[in-house]
Every structure is written in C-alpha cells, then in structure tokens.
S.K.: 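Once you've had a glance at the structure underneath, I'll fire off some questions.
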Amino acid sequence: MRAATWQRRIMTPLCCSTKRGRPAYRRFKTAYITRFRDRQRHSMHYRSEIDGLRAVAVLPVLLFHAGLPFFAGGYVGVDVFFVISGYLITGIIASEMGEGRFSVIAFYERRIRRIIPCLTAVIGFCLAAAAILFLPEDFMSLSKSAIATVLFSSNILFWRQSWYFNAQMDLIPLLHTWSLAVEEQFYILFPPALALLHRFGRSRLIAIIAAMAAVSFLLNIWSLPRSPSFAFYMAPTRAWELLLGSLLALGFVPPLKSRILREGLALLGIALIAFAVCLFSARTPFPGYHALVPVLGAALVVYASHDTTCGRILSLSPVVFIGLISYSLYLWHWPIMVFARYYLIDELSGWNVVSVLLLSFCVAILSWRYIEMPFRRKGIVNRRFVFSAAPVAMVFLIAAGLAGVVSKGWVSRVPAEVAYLESFKNDSSPRRMDCHRLENSALPLPRSCVFGTSVPPEFAIWGDSHAVELAFVLGQLAEQHQRSLMQVSYSSCPPVMGNGSAGCRKHNEATLRFLTDHPTIKTVFLIAFYDNDKDNRSFTYADGLRASVSRLAESGKQVVLIYPIPRATIDVPSALARYAWNGMGIDALGSKKSAYLRRNTEILNLLDTLAGQRNVARVVPHESLCREETCSVMLEGKPLYFDNHHLSLSGARHIAPLFERYLAIDEQRAGLR
C-alpha cells in the first residue's frame, strides 16, 4: 500500500471537511508529500526504512513505560534514536558542506522547527495538568524540570536527583526529555566542530570522529560502575551513539555490494535490537558494554537495510507512519501515562494500559499534523517568526516554571490536611545529605556522622539508605543514655560482602575493616532494603551477609540484624494526601502482612539462622509495624514512610523502642539474643 493511500484511509474519517472543493485528505496528502520533498532537498536520498526504524525505536519505549511483559528492555529504543539522529543530521550537514551551502543559522533553524513547537506544547500541557492534579511538592518538582527542559539541561537535573529506574521517577512527567537534552547539547557543539574539521579532508575527519566516539565509549565504560546515573544521563557518555551514526553517514564503512550479506546484516541488526528489548531490564548495567547491543543493531539496520527484505518491511506504510509521528508520540506518551497513574493512584493495568496507549497515538497524530508539520514548512511559518516566537515561548515557560517554584507548588490550591500529609515526604533525617554516601559523592569513614552525646561512638549502624533515618532517631535515643552512634550508609549498598557495584564493594571492604578495628564501637546494627523483589532471596545475600556477620562477631562486636522493613504498595505521603484530597478513606491503605512474609520467606529464614549464632541478635520491625493482617503506613495521623519503603522519622521513632535494650545495657550485651 502506498504511503499516501495509507494516510488517506486513516485520516479521511478525521478530516472530512472541504475547502474550495478540495477534500481535506488531499490537503493532508499535499503536506505529506511536501515533507518528503523538503527532506530530499536538504539531505541524501530519502530512505523510508529509516523512518520505519524510528517506529522500531519508539514502540518498545512505549510498551516498556506501559509495563508490558517482554518489553523490560524497551528503554533501549532511545539508543536506536541516537544512532538515527547522528546519521541523518551528519548526512544533511556533510551534504550541504560538500555543496558549499552549509549555514549554522539554517541548521539551528531546522532544529528549532523540529524540536521546539511540539516540546513547547507538551511542557505547557504538563504545567496546566499538574496545576489541576498535582500536590504542591510534585508541582514544584515539575516546575523545576520544566525550566530545565526548556534550557535543554533536564538530563543534568535528573542525574542529580535519582537513578532513572527508581520508582519515584515514575511520576515525573518530563523525565523522558533527558534524551532531548543529550541530543541538543551534542548539536550545540557538533555542527561547528564538523565545519571546522571538514577542511582537513574526509579521511582525517572520519579518524577524528572515530577517536571522539572511542573516548566517549571508554568514558561510558569507566563511569558506569562509579556513577551509573552520570553514565546514563549525560551527553559525554552517550555521544558515541550519535557519533556512530555520524560515521555511517560519512562513509566510514564502505557500502556492501553483496545482496545476501546486506540481507544478513540487516536481519542481525533487528535481532540485536529485539534481543535488548526483550532480555534487558532495569537490573541490566546500562549503558556500559550492554549498550553495544542495541546501538550496533541500529547501526547495522541503517548501514545494510536499503533494498533488502528487512528494509521493505520497515518501509511498509503503517510502519513508516509510526516513524513519522515518533517524535510527537515519544513526547506525549509519557506525560499521559504519568498523569493517568497520578489520577488513579495506582499502576496502570488492563484496559487502563490500552486506553492510555490509544490516547497517546491519537494525541501524537494530531500533534504531528497540526503542530509539527506546519512549523516544518517554511511556506507556512517563516524564519523571522521562528526566531522570534521560540525565545518568547521559552521565556514564558521559564516564567511559569519559576512561578511554580516560588509559590512552593501553589500550596493554596489544596486543603490544609492534604498539605500536612504531603509534607511527610520531607520527614527524613535533617542530616541525610551530610551523612549519607551517594554514588557520586565520597565521605571518608573517619568523618562518618556521629549522633548522641559528645563521647566516642559505642554503636554503629551500617547499611544502605534504610539506615539514615533510623541512625538519626537511634542517636537521639542513645543520647538519653549518654552514649553515641555512628552512621555508615551508602545508597543501594547493603552491608553484604562481595555484593553490589564496584564502588559498593570497595566501600563495604573498607567499612568492615574500619568497624572491626575501631576500639570504642561495641555494637553494630546491620540494615538493608531486603523487601524489594530483587534481593529478598537467600542466595542473593547468603554468603556475603554471613561474611559480614562472622567477621564482625569474631572481632568481638555485638551484631544486631535488623529484619526487612515492610514495603508499602504506594508512595505513602503522596497517596495519603491524594486520597484525602479526593475525599477517599485512607484507613485501609496498609500493605498485606501475608504478602510481606511470602515475599521475604527466604531472607527471613537466612536472618533467623544467622541470629542464632554467638554475639548475634536481632530486631524485627514488622512485629511493631504490622498488626494482624495489615502492615500500617500511618499511625496517629502521621505517615510512617516518606516514600514507598523508607521509614520517615515518625516511622523510625515508632520502632525505636525495639532498640532500647541494646542502647541502654552494657553488662548483658554479650549475652543478648
């Protein structure tokens, strides 16, 4: 089916009016054909299979975000986009340079026409929808990300905030704009650099770009174990993916004459992308070496798919059409999903997923037709308007974002009770940022925070981020007994030898030496986020946890194992506040105790075994947090968590009496069980 025929069939029901006797679908057809003519005039010969490859890139991203099974690695679609972008943009620039008509102004005009109109609409929609639906803290957070998105620096903001796959990131409507920021940061520098290097000749140009790609890839490999968020979000560690596309456009690899070889390489490319989409997951160290799989897959399709079976499949009109709307589809789908989750106060499932996906496609088609296309046609929107309207729109959005920040999320919109419940999102340790180690920060062990009286620490709590609030509260309890407690915590790093990232393993080795050699520390509390569907199996922690416990116990320390904190099924303060805002009951929001016990059967058995050893005792928080069949998320009007699994200070104070006997008694410590 020809592309124009496909467009006529799907658009005729939507566009049935006439103008001067001409059916609307013919006007649509004219705009559609003009798009191809514009592309051919700017660049190399149009390759419809490249637009088809855009569909292969965007669909896994949608299905991954929708939580569909078998698409756990769908996030790699962004890497496919990077390769395509590098290939197309470099091809256009190189072609124009070869003809002596390259203009930096014209290049940035095309980028503005391509990026800004639809992005402006999405940001404006997010701010308007959030003003209606979002709680103040969430609205203020969105306002900050809107400002960063307008300035093409959202990747830096999200790098500083949290890891991409953390659950709390699922409610950030502009999270997906990090990839746009990477591209635009790249394109601020790349065209001028290409214009400068072009004069050295093609072979030297290719050699320099290849060297740049190699440096970027090595930086990606180096930074992943040290700072996974930096490796994931930042342009220097992602540039090699765009540069690989650039090398293909410059003819780094000579074209293949063998039809059979091209067929095989194109199919291999699709297979590599499919492998990554289906078999990667949030646990896959990424980008790192794993990024080679989808990136090389995309490169092979770009390189070899022309005039092949794979290329003809990718050139089918429905596939090409999805590729044509892919930018709008990518921009709109995630905010729609986020606002749907926020409104429903739950994960999307069943017909909700189907509805959200259909709505995303409908909005993307309208956005492409009535926002993208008019701005990309110079006959409709001239250069003067582009360069004047874009800054005005950006300033307006920045002003709106600043208003959201300054007003602290427009607190006056919500009742006092709602604002009170939401405020518990900040019910965390006031020393969290000073005392807790993150992946991109280092706090020497001798400078670890000590809470309590001004005496050498007799106690230490060693663990991941679950140790932070408990350390602060136990420090207050220790102060009552004229003692002190040291906090040794590192994000996503349980006190388990040989477990976690390279930085975590190094930290744990150093911590174990430090604690065993520290003369005043007599008792060490061990805590970790066990109840997380990933590490609550005994084989994950067994050997490493035994090593930690035995080495501490053998050095004469009293070891106290803190059992798993029950995980809530909701982001507690936010969900409680939204329930209260909607007039819904909040008494039955606790998680099921039976589900907690079932999830953690193996780790609980392991901890029971270890707690039976000499010099090893235990604290069981769920005995205090769970009553009968329900594990509470709020008591006495105060949320016990500041998200879905970290205890708030209120929650830590609730279980603090369980630690009283360890902090108050000296002479019987060695015999405690």
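We're numbering straight along the sequence, starting at 1.
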S.K.: Minimum heavy-atom separation for Ala390 and Ile112, please, with both atom names.
M.R.: CB-CG2, 3.8 Å
S.K.: Can you list everything that forms a ring pair (Phe, Tyr, Trp, His ring centres under 6.0 Å) with Tyr327? Sequence neighbours excluded, please.
M.R.: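 Result, ring pair (Phe, Tyr, Trp, His ring centres under 6.0 Å) vs Tyr327: none returned.
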S.K.: Can you tell me if Tyr108 uses its side chain to pair, donor with acceptor, with the backbone of Tyr187 under 3.5 Å?
M.R.: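 Yes, Tyr108 side chain to Tyr187 backbone: donor-acceptor pair under 3.5 Å.
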S.K.: Without swapping roles, check the side chain of Ser648 against the backbone of Gly651 for a donor-acceptor pair under 3.5 Å.
M.R.: yes
S.K.: Can you find a side-chain donor-acceptor pair between Ser574 and Arg578 that sits under 3.5 Å?
M.R.: yes
S.K.: Just by distance, with hydrogens left out, do Tyr596 and His622 show a side-chain donor and acceptor under 3.5 Å apart?
M.R.: yes
S.K.: Please answer whether the main-chain N or O of Ala231 pairs with a side-chain N or O of Thr237 as donor and acceptor at a distance below 3.5 Å.
M.R.: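 Yes; judged by distance alone, with no hydrogens or angles, the pair exists.
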S.K.: Between Arg113 and Glu372, is there a salt bridge with N-O shorter than 4.0 Å?
M.R.: no
S.K.: If you look only at distance, which donor and acceptor atoms sit under 3.5 Å apart when one is on a side chain in residues 347-359 and the other is two or more places apart or in another chain?
M.R.:
{"unit_1": "Glu347", "atom_1": "OE1", "unit_2": "Arg341", "atom_2": "NE", "d": "3.4"}
{"unit_1": "Ser355", "atom_1": "OG", "unit_2": "Trp351", "atom_2": "O", "d": "2.8"}

S.K.: Does the distance from a Lys or Arg side-chain N to an Asp or Glu carboxylate O, for Lys638 and Asp427, drop under 4.0 Å?
M.R.: no
S.K.: For residues Glu469 and Ser429, report the shortest heavy-atom separation together with the two atoms involved.
M.R.: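 Scanning both residues completely, I find the closest heavy atoms to be OE2-N, 2.9 Å.
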S.K.: At their closest point, which heavy atom of Ser326 faces which heavy atom of Val58, and how far apart are they?
M.R.: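 Closest heavy-atom pair between Ser326 and Val58: O-CG2, 3.8 Å.
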S.K.: Classify the side-chain pair Glu183/Ser85 by whether it contains a donor and acceptor separated by less than 3.5 Å.
M.R.: yes
S.K.: Donor-acceptor pair, distance only, cut-off 3.5 Å: does the side chain of Asn155 make one with the backbone of Met234?
M.R.: no
S.K.: Determine whether the side chains of Ser491 and His436 contain a donor N or O and an acceptor N or O closer than 3.5 Å.
M.R.: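 The answer is yes; a qualifying pair exists.
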S.K.: Is a side-chain donor or acceptor of Trp581 paired with a backbone partner of Leu133 at a separation under 3.5 angstrom?
M.R.: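 Side chain of Trp581 to backbone of Leu133: no pair is present.
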S.K.: Taking atom CG of Asp79 and atom CZ of Phe82, what is their separation to the nearest 0.5 Å?
M.R.: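 It is 6.5 Å, given to the nearest 0.5 Å.
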S.K.: Looking at every heavy atom in both Leu135 and Tyr342, which two are closest together, and how far apart are they?
M.R.: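 Between these two residues, the closest heavy atoms are N-OH, 3.0 Å.
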S.K.: Nearest 0.5 Å, what's the CG-NZ distance between Leu157 and Lys144?
M.R.: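 So the gap between those two atoms works out to 8.5 Å.
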S.K.: So, are Arg114 and Glu109 salt-bridged, with charged N and O less than 4.0 Å apart?
M.R.: no
S.K.: Has Arg413 got a side-chain atom pairing as donor or acceptor with Phe134's backbone, closer than 3.5 angstrom?
M.R.: yes
S.K.: Apply the test side-chain hydrogen bond (donor to acceptor under 3.5 Å, both in side chains) to residues His645 and His466: give CA-CA distance (whole Å), side-chain angles for both, the deciding distance (0.1 Å), then the verdict.
M.R.: CA-CA 8 Å; His645 62 88; His466 276 216; 2.8 Å; yes
S.K.: Once salt bridge (charged side-chain N to carboxylate O under 4.0 Å, His left out) is applied, do any residues pair with Glu137, and if so which ones, sequence neighbours excluded?
M.R.: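 Testing Glu137 for salt bridge (charged side-chain N to carboxylate O under 4.0 Å, His left out), a comparison that skips the adjacent residues, returns none.
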S.K.: List the steps and the verdict of ring pair (Phe, Tyr, Trp, His ring centres under 6.0 Å) for Phe339 and Phe125.
M.R.: CA-CA 11 Å; Phe339 287 118; Phe125 164 77; 5.7 Å; yes
S.K.: Any side-chain to backbone donor/acceptor pair from Ser227 onto Ser223? Under 3.5 Å, distance only.
M.R.: no
S.K.: Measure the CD1-CG distance between Ile273 and Leu53 for me, rounded to the nearest 0.5 Å.
M.R.: 5.5 Å
S.K.: Indicate, with yes or no, if the rings of Trp178 and Phe232 have centres closer together than 6.0 Å.
M.R.: yes
S.K.: Could you tell me whether Trp368 and Phe321 have their ring centroids closer than 6.0 angstrom?
M.R.: yes
S.K.: For Ile325, is there any backbone N or O sitting under 3.5 Å from a side-chain donor or acceptor partner on Ser328?
M.R.: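 Between the backbone of Ile325 and the side chain of Ser328 there is no qualifying donor-acceptor contact (under 3.5 Å).
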S.K.: Examine distances only and state if a side-chain atom of Asp464 and a backbone atom of Phe529 form a donor-acceptor pair shorter than 3.5 Å.
M.R.: yes
S.K.: Quick check on the 6.0 Å ring-centre criterion: do Tyr75 and Phe286 meet it?
M.R.: yes
S.K.: For Lys425, is there an ion pair with Asp571 - N to carboxylate O distance below 4.0 angstrom?
M.R.: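 No, no charged N to carboxylate O under 4.0 Å.
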S.K.: To the nearest 0.5 Å, tell me how far Leu180 CG sits from Ser154 OG.
M.R.: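 Taking CG in Leu180 and OG in Ser154, the distance rounds to 7.0 Å.
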S.K.: Give a yes or no answer on whether the side chain of Tyr330 reaches the backbone of His176 with a donor-acceptor pair at less than 3.5 Å.
M.R.: yes
S.K.: Taking the six-membered ring for Trp, are Tyr641 and His646 closer than 6.0 Å centroid to centroid?
M.R.: no
S.K.: Roughly how far, to the nearest 0.5 Å, is CZ of Phe71 from NE2 of His65?
M.R.: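 Answer rounded to 0.5 Å: 13.5 Å.
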S.K.: Show the nearest heavy-atom pair for residues Leu647 and Ala652, with the distance to one decimal.
M.R.: CB-N, 4.1 Å
S.K.: Atom OG of Ser360 and atom CG of Leu331: how far apart are they, to the nearest 0.5 Å?
M.R.: 11.5 Å
S.K.: Under 4.0 Å between a Lys/Arg side-chain N and an Asp/Glu carboxylate O for Arg111 and Glu184?
M.R.: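 Yes, charged N to carboxylate O under 4.0 Å.
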